[in-house]
There are 2 protein chains.
Amino acid sequence: MDHSIQDVARLAGTTSRTLRHYGAEGLLPPSRIGTNGYRYYDDRALVRLQRILLLRDLGLGLPAIRLVLDREVDETAALREHLGWLEQEQQRLDRQIRSVQTTITTLEGEDQLMADQMFDGFDHTQYKEEVVERWGADAYRNSDEWWRSMTTAQRKEWRAATRALQADWADAVTRRVDPAGAEGQQLARRHVRWLGAVPGLPRENGHLAADYVRGLGEMYVADDRFGADYGGPAGAAFVRDALAHYADEHL
Amino acid sequence: MDHSIQDVARLAGTTSRTLRHYGAEGLLPPSRIGTNGYRYYDDRALVRLQRILLLRDLGLGLPAIRLVLDREVDETAALREHLGWLEQEQQRLDRQIRSVQTTITTLEGEDQLMADQMFDGFDHTQYKEEVVERWGADAYRNSDEWWRSMTTAQRKEWRAATRALQADWADAVTRRVDPAGAEGQQLARRHVRWLGAVPGLPRENGHLAADYVRGLGEMYVADDRFGADYGGPAGAAFVRDALAHYADEHL
DNA sequence: GCTTGACGTTGACGCAGCGGCAAGTTCTAC
DNA sequence: GTAGAACTTGCCGCTGCGTCAACGTCAAGC
């Protein structure tokens, strides 16, 4: 009635190493240990092992499995919670896949124009006058020089990132997520990080100036060309709100 | 021109720990190190950091990022390969989610009948005579006793697993995957593992008898009721082929 | 000149779930 | 009796940092 560790492993489609691990974790102690130190498992242990492996296949972690097996939590509840986590992971993966696809297609696109295309849909060099007026002349010059100093490949990647960011903003807008919520703030963080790569932009305490970020959001709303990329003025307003909230909280 | 590690971290939206990590990995060495040991980063390093964080957001690993940055592999190619991996992960997650959902709904279903429902769609106790004839009387008895000895919750879970396995077989059949391929064999492995939980079934060398597994596959094909669950005789044949191949390779 | 507090350094553990290896013991078959 | 298969404990490795711990440095105020 007792099976050796290898027997059990083959029988259950796992490895002896895994069984020892479960034993060490207290998840599946051997039902008997010989005087020689060998582990032996009876049929009850086999059944328990099956349940463990079943739940493992569903992606549950060992601590969660222990709670279920020891009846400390309801199995249905545990699975439901786990399902939530899985769906969250799925969404994260979906977003990453979309971003990678956008980046690839943009990288494959032929070379575009030059510095005046730098920010594509976000092109704030079109606001040269405003930038110069509000943030000083050398800020504008520095950004421009920085852009011209990039290699073609670097510029390509920059544009790819810009497109991807833009696409993700647009996506968030259409899904009507909360600008101040987790996803909106994640996007705002990406936006600020993306802009932060540009030397010469106004900074304070080492990061982008909060006022500059807020002002940028207002500019997006003020000019129709920005909003056009995210489904009208509501899109630009969304971006503005997310950026403003981010500036309040983190800058 | 030079920024301290904290400045860079805030500016790029990351942490100083991460920067030290990248330094230790040789991915982003500080552009200068002071006599006091402090790390300083110039604008070039900042640009490199942005690229690193960009690719990290896409899910690339640090080694892959290094290859891209050092121009040892083409960025587009790297992203394309990464996309493949992401999509694979996505499929794995999808399957897991479906399995969890199936398990939950089955767990929620009210109690069903008893031992004669043990294998649901796979019910091989309906083949009592065949089982007894080919594998001995006590094999049949043992399985039945085992089933009756289970608690209601255990039986519920067993049925849930059965349903999930069945659903996954059906899914694989409709997608016309290769019975001898990775996914087909993975299912076969689950099937054997699932059956392996039943004590009293014929075994050899500790695992289910290969002939028994092959015979089971043939029974699925021989009886219309099995095939009905996977889209006709082709479904049962698919299961049989996958099991036979698995038996050949692993039993 | 001294304290204080912010910021910097290196070093090391932790995580999730085992895989894999090493060194030593025991069982099994010839 | 001996080879070889199977078993044991113990420990490193993986991924990408988070998080102390213990200890130097620097700028500002008294």
Between Y38(B) and Y38(A), who's closer to the 5' end of DNA chain D by nearest nucleotide? Y38(A)
Could you check which of dG16(D), dT8(D), dT9(C) has an atom nearest any side-chain atom of L62(B)? dG16(D)
Which part of the nucleic acid, if any, lies within reach of Y22(A) when heavy atoms closer than 4.0 Å are counted: base, sugar-phosphate only, or nothing? sugar-phosphate
From CG of L19(A) over to P of dC18(C), roughly how many Å is that when rounded to an integer? 10 Å
Are any of T15(B)'s side-chain N or O atoms less than 4.0 Å away from OP1 or OP2 of dG18(D)? yes
Should the pair R95(B)-D171(B) be classified as a salt bridge under the 4.0 Å nitrogen-to-oxygen rule? no
Between Q96(A) (side chain only) and D57(B) (backbone N and O only), is there a donor and an acceptor less than 3.5 Å apart? yes
Hey, does G61(A) reach any base, or is it just sugar-phosphate, or nothing, if we go heavy atoms under 4.0 Å? sugar-phosphate
In whole Å, what is the span from the CD1 atom of I33(B) to the P atom of dG8(C)? 14 Å
Looking only at dC17(D), dT25(D), dC27(C), the nucleotide nearest the N36(A) side chain is dC27(C)
Within less than 4.0 Å of OP1 or OP2 of dT10(C), is there a side-chain N or O belonging to R39(B)? yes
I need the CG-C1' distance between L60(B) and dG16(D), as an integer number of Å. 14 Å
In whole angstrom, give the distance that lies between atom CG of L55(B) and atom P of dT15(D). 18 Å
Side chains of S16(A) and R20(A): is there a donor and an acceptor less than 3.5 Å apart? yes
To the nearest Å, how far apart are D57(B) CG and dG16(D) P? 14 Å
Please state whether the base of dG20(C) and the side chain of R17(A) form at least one donor-acceptor pair under 3.5 Å? yes
Using whole Å, report how far NE2 of H21(B) lies from C1' of dC20(D). 18 Å
Distance check needed: dT9(C) C1' versus R32(B) CZ, whole Å only. 16 Å
Test item: side-chain donor near acceptor, S99(B) and D168(B), under 3.5 Å: yes
According to a strict under-4.0 Å criterion, is T18(B) in side-chain N/O contact with OP1 or OP2 of dG16(D)? no
Between dG16(D) (C1') and I65(B) (CD1): distance, integer Å: 11 Å
Would you say Q6(B) reaches dG8(C)'s phosphate, i.e. side-chain N/O to OP1/OP2 under 4.0 Å? yes
With a 4.0 Å cut-off on heavy atoms, is S4(A) in touch with a base, just the backbone sugar-phosphate, or nothing at all? sugar-phosphate
Only one of D70(A), D43(A), D42(A) forms a salt bridge (charged side-chain N to carboxylate O under 4.0 Å, His left out) with R48(A), so which one is it? D70(A)
Using a 4.0 Å heavy-atom cut-off, does R20(B) contact any base of the nucleic acid, only the sugar-phosphate backbone, or nothing at all? base
